[in-house]
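For reference, the structure is listed below as structure tokens.
The chains referred to below are lettered A, B, ... by the order of the sequence lines, with proteins before strands, and numbering in each begins at 1.
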Amino acid sequence: MNLQGILNKEQEEAVLHGEGPLLILAGAGSGKTRVLTYRIAHLIADRGVSPWNILAITFTNKAAGEMRERVDQLAGFGAEQVWVSTFHATCVRILRRHIDCIGYQTNFTIYDTDDSKSLIRDVCRQVGVDTKVYKERSLLSAISAAKNEMITPEQFARDAAGDYGQEQVAKVYQAYQQQLYRNNALDFDDLLQKTVELFSRTPEVLAYYQERFRYILVDEYQDTNTVQFEFVRLLADRYRNLCVVGDDDQSIYKFRGANIENILSFERHYPDAKVIKLEQNYRSTGNILKAANGVISNNRGRKEKRLWTEAEEGKKIPLLQFDSAYQEAEYIVGDIRSKVRSGFYEYRDFAILYRTNAQSRLFEEKLLLSGTPYKIIGGVNFYARKEIKDLLAYLKTVDNGQDDLAVKRIINVPRRGIGNTTIARIEEYAGERGISFYEGLLQAENIPGISRAQNSIRSFVKPIQDARAKADSCSVKELLEKLIEDSGYVRELEEADTDEAKNRMENIDELFSKIAGYEESAQEPSLSGFLQEVALVADVDSLENDQNYVVLMTLHSAKGLEFPNVYLTGMEEGVFPSYLSFAMEDPADLEEERRLCYVGITRAKRELTLTWAKMRMQRGETQYSMPSRFLREVPKEVLDGAAGERGDQKRLEGFLAAGGFGQPAVFGQTGRTGQSGAAGQTGRTGFSGVSGQTGRTGQSGAAGQTGRNSRFQGKYQSAIMTGKQMQVNKAEGLSYGVGDRVSHVKFGQGTVMNIADGGKDYEVQVNFDSCGVKKMFASFAKLKKCP
DNA sequence: CCATCCACGTTTTTT
DNA sequence: ACGTGGATGG
């Protein structure tokens, strides 16, 4: 493979490294993914390593997907044999084959955090621990921490002896683990922990995987916790061809067990390890890098390194002060719009970053008001929504009746008149006989004291038994269709006829699209396969590069991403750094916040804007804050002098005087035209040409919809309330009209019959070739116009 | 058994 | 401010 001119000296050295342990300390933007992918390609092409013998591990599905793509491109034929996946997915794959060696069944279900919490609640009731004294959340994090440190319930109990509080936790931990086992379920931590247990207890299984994975590469190594480290260590033990890439300055997950020591002490574990530092940054301008270096250099206990770049200095960094968070949001949205209007940037070039999810609210409001397309990453996960969890519980029950939690979740959803008393009786009956809750239901006639519920139980069990009978011959889609029909789930929602019910229906439709997507892409689609995939997806994974919208997310979610324009917002003492990080007196917590700041700054390629507000609402209270200490740590010479001190006021005034956006005066103007003001604006400035957004911009002015600012605001407020992520704004307009041919992921092609303005969205009526007329919401249906 | 009301607790997040 | 979950009364 010819690497000439593609890599710098250090990168090349890392790529060409032969056998043995290798630690790559890769600063932000130094091309670590490039090094990893080229290294894989090099191993295959130049060293004759079989792709089959390579394992590449990442933390997120998105990172895995990206690496997969790049490896496939680079390494060409055979590349698909390389195992590229997340820690958790890797473990699931191994456990599905071998977990029977340690007593579980291979069709185990995976519990998410919500499931774990419910289980903890149940368990606390069982063992008589008061959840008012011992909160589920803290119990769960104690248990999770124990699992990450590979402390078994028995060992935990031993260590806890004498400490009443710890003894209670130990009791819960033990019972929790037992119940998981009975439910044939694993929580997220178990996936790692059980794999390590499997390796330790069955040397032949370990030997198989050691032999299989002769070359192991781990990305984001600074985020590994103790179990993950142990997992990697065991796998690599035989051939010692372990290559890890990480940046101790970007370790931001200590709170969930990431052990920064893993990277700092790699050389201790592998004294013969080769260490390569990548310090040349290819992402950001000189000023942005200086800011990042300035901030991070305040941390102690880090590996010394200094990012440098050959790139130009770039623009100075505006540091803007606002009286309120409201104005901060207004300014930023206006700034984005004017930069887009200038024609030099598109919406997708901007990211608004903040410390906590709650801060997204104000930005969302302003973006909606101005008709700017945006996407919020994070917040409530799609798969964490009630209706979705309900339906998945139905599917889980069909797939694996041993999951008591899933069964109990839906036994009375929709309402069947099965209450706590009945459930307790069944639990008791099943407990005595050592059978699962669902098996108990099947024998309901034998259970005394629940005669009145007999019919209800039958009406719950029947649809599930029917579905089971068909599970092998039916697609997942057909199975779920039948289940929601027979169980009356959708009927209940239809009858409710509220906005909320409508929203849920849309989410259910979305779930069907996901199922359709799965069944198309999977090699051998199956119910278990679908449930497994769904259990391991996150929200960041849904970030699509080809969509044109402003992205909003927490600093944590932003790691690994880059944007031409970044706004680092809410830079206030108490917000960022979070008050919790200095209330606890552990200086390590503050250092983690500082790393977070470093991560935020280094996301920016061309322009970075730092903002803070003197006043903002937090938890219903007005809070006044001082500027963040991190702002002081940014070297003065890279800050935009004109923007400092009073400069920001000037800018703001200038901006507003120039017509800005969003203020009542502007709305009055646009409203008057009766058509759509913002559309006129965007049209004039060549917005549609630049953005590549099709769409009749004539529809795009949200302001044009109503003349009255307040009414308009109310309408959009309700859209915010629903919590639905408006990936495609109504305000963006539709790319199709009545009579056009369109296609839909699930229903295929059809003809648009009608488009009605449904308030916060368009309701589109389409006559599909395959299944007739359907009504759907435009923002959700993602209809594509057929050429 | 179910609907309604009040109190509580709110970082960050993957999987 | 806001949603969740437990207690309470019908």
Side-chain angles (χ1 to χ4, degrees), chain A residues 57-64 85-92 110-118 121 125 130-132 135-138 141 144 147-148 186-193 220 223-225 227-228 251-258 353-359 361-362 377-381 383-384 386 412 415-423 452-453 456 500 532-541 553-560 570 574-584 589 592-593 595-597 599-600 616-622 717 720-721 723:
Chain A
I57 305 180
T58 64
F59 270 80
T60 64
N61 293 306
K62 184 177 164 62
S85 97
T86 64
F87 271 106
H88 294 265
T90 307
C91 290
V92 169
I110 301 167
Y111 278 4
D112 66 19
T113 315
D114 271 357
D115 301 329
S116 298
K117 237 189 233 166
S118 321
R121 210 180 2 260
R125 237 180 331 118
D130 186 356
T131 51
K132 271 188 221 129
K135 301 263 177 290
E136 293 100 320
R137 232 170 51 97
S138 46
S141 65
S144 176
K147 286 186 178 181
N148 285 334
L186 302 187
D187 66 16
F188 285 135
D189 301 316
D190 280 343
L191 295 178
L192 266 305
Q193 206 266 315
E220 305 281 12
D223 288 332
T224 52
N225 58 36
V227 205
Q228 287 163 337
S251 160
I252 54 175
Y253 286 110
K254 187 180 141 228
F255 70 92
R256 65 175 204 225
L353 307 182
Y354 36 77
R355 179 65 176 83
T356 65
N357 278 311
Q359 290 166 254
R361 277 301 267 269
L362 284 178
I377 306 293
V380 189
N381 190 325
Y383 290 103
K386 255 197 210 78
N412 202 31
R415 306 252 115 93
R416 301 187 175 86
I418 302 176
N420 292 330
T421 327
T422 308
I423 292 175
R452 268 205 302 158
S456 313
E500 198 203 346
Q532 173 181 326
E533 190 167 284
V534 148
L536 299 175
V537 294
D539 206 37
V540 211
D541 302 338
M553 66 184 119
T554 63
L555 289 154
H556 281 92
S557 304
K559 192 166 69 143
V575 176
F576 184 37
S578 158
Y579 66 98
L580 286 153
S581 68
F582 48 83
M584 323 265 178
D589 288 341
E592 178 138 319
E593 296 276 316
R595 290 193 291 271
L596 204 48
C597 183
V599 167
R616 77 172 61 234
M617 291 280 272
Q618 270 184 310
R619 288 168 233 150
E621 276 180 307
T622 305
Q717 206 82 37
I720 299 174
M721 298 313 170

(request) Calculate the interatomic distance between A:Leu353 atom CG and B:dT13 atom C1'; express it in whole Å. (result) 15 Å
(message) At 4.0 Å (heavy atoms only), tell me whether A:Thr422 reaches a base, stays on the sugar-phosphate, or touches nothing.
(response) sugar-phosphate
(request) Determine the contact category for A:Arg595: base if any of its heavy atoms lies under 4.0 Å from a base atom, sugar-phosphate if only primed atoms, P, OP1 or OP2 are that close, otherwise nothing. (result) nothing
(request) If the plane angle is over 60° it's perpendicular, under 30° parallel, otherwise tilted; pick one for A:Tyr253 and A:His556. (result) tilted
(request) Among B:dC2, C:dT4, C:dA1, find the nucleotide with the atom closest to the side chain of A:Met617. (result) C:dA1
(message) When you measure from the side chain of A:Ser578 to the backbone of A:Gly574, do you find a donor-acceptor pair of N or O atoms at a distance under 3.5 Å?
(response) no
(request) Let me know the distance between CG of A:Leu536 and C1' of B:dT13, rounded to the nearest Å. (result) 15 Å
(message) Once you apply a heavy-atom cut-off of 4.0 Å, does A:Phe255 come out as touching a base, just sugar-phosphate, or nothing?
(response) base
(request) Please tell me which of the listed nucleotides, B:dC1, C:dT4, B:dT13, lies nearest to the side chain of A:Thr421? (result) B:dC1
(request) Name the nucleic acid region contacted by A:Asn357, choosing base, sugar-phosphate or nothing; use a 4.0 angstrom heavy-atom cut-off, strictly under. (result) sugar-phosphate
(message) In this structure, how many angstroms lie between the P atom of B:dT12 and the CG atom of A:Asp589, rounded?
(response) 15 Å
(message) Check this one for me: any side-chain N or O of A:Thr554 less than 4.0 Å away from OP1 or OP2 of B:dT13?
(response) yes
(message) Can you identify which nucleotide, out of B:dC2, B:dT10, C:dT4, has its nearest atom closest to the A:Lys386 side chain?
(response) C:dT4
(request) Please report, rounded to the nearest Å, how far the C1' atom of C:dA1 is from the CZ atom of A:Arg361. (result) 8 Å
(request) Respond yes when some side-chain nitrogen or oxygen of A:Arg416 is under 4.0 Å from OP1 or OP2 of B:dC1, and no when none is. (result) no
(message) Regarding A:Asp112, tell me which of base, sugar-phosphate or nothing describes its non-hydrogen contacts under 4.0 Å with the strands shown.
(response) nothing
(message) Quick check on B:dG9: is either OP1 or OP2 less than 4.0 Å from any side-chain nitrogen or oxygen of A:Arg137?
(response) no
(message) Whether A:Lys254 and A:Glu592 form a salt bridge (side-chain N of Lys/Arg under 4.0 Å from carboxylate O of Asp/Glu) is what I want to check.
(response) no
(request) Could you tell me the separation between the CG atom of A:Asp187 and the C1' atom of B:dT13, rounded to a whole number of Å? (result) 15 Å
(request) Report yes if at least one side-chain N or O of A:Arg121 is closer than 4.0 Å to OP1 or OP2 of C:dG6; otherwise report no. (result) yes
(request) Report yes or no: is there a donor-acceptor pair, N or O only, under 3.5 Å between the side chain of A:Arg355 and the base of B:dT11? (result) yes
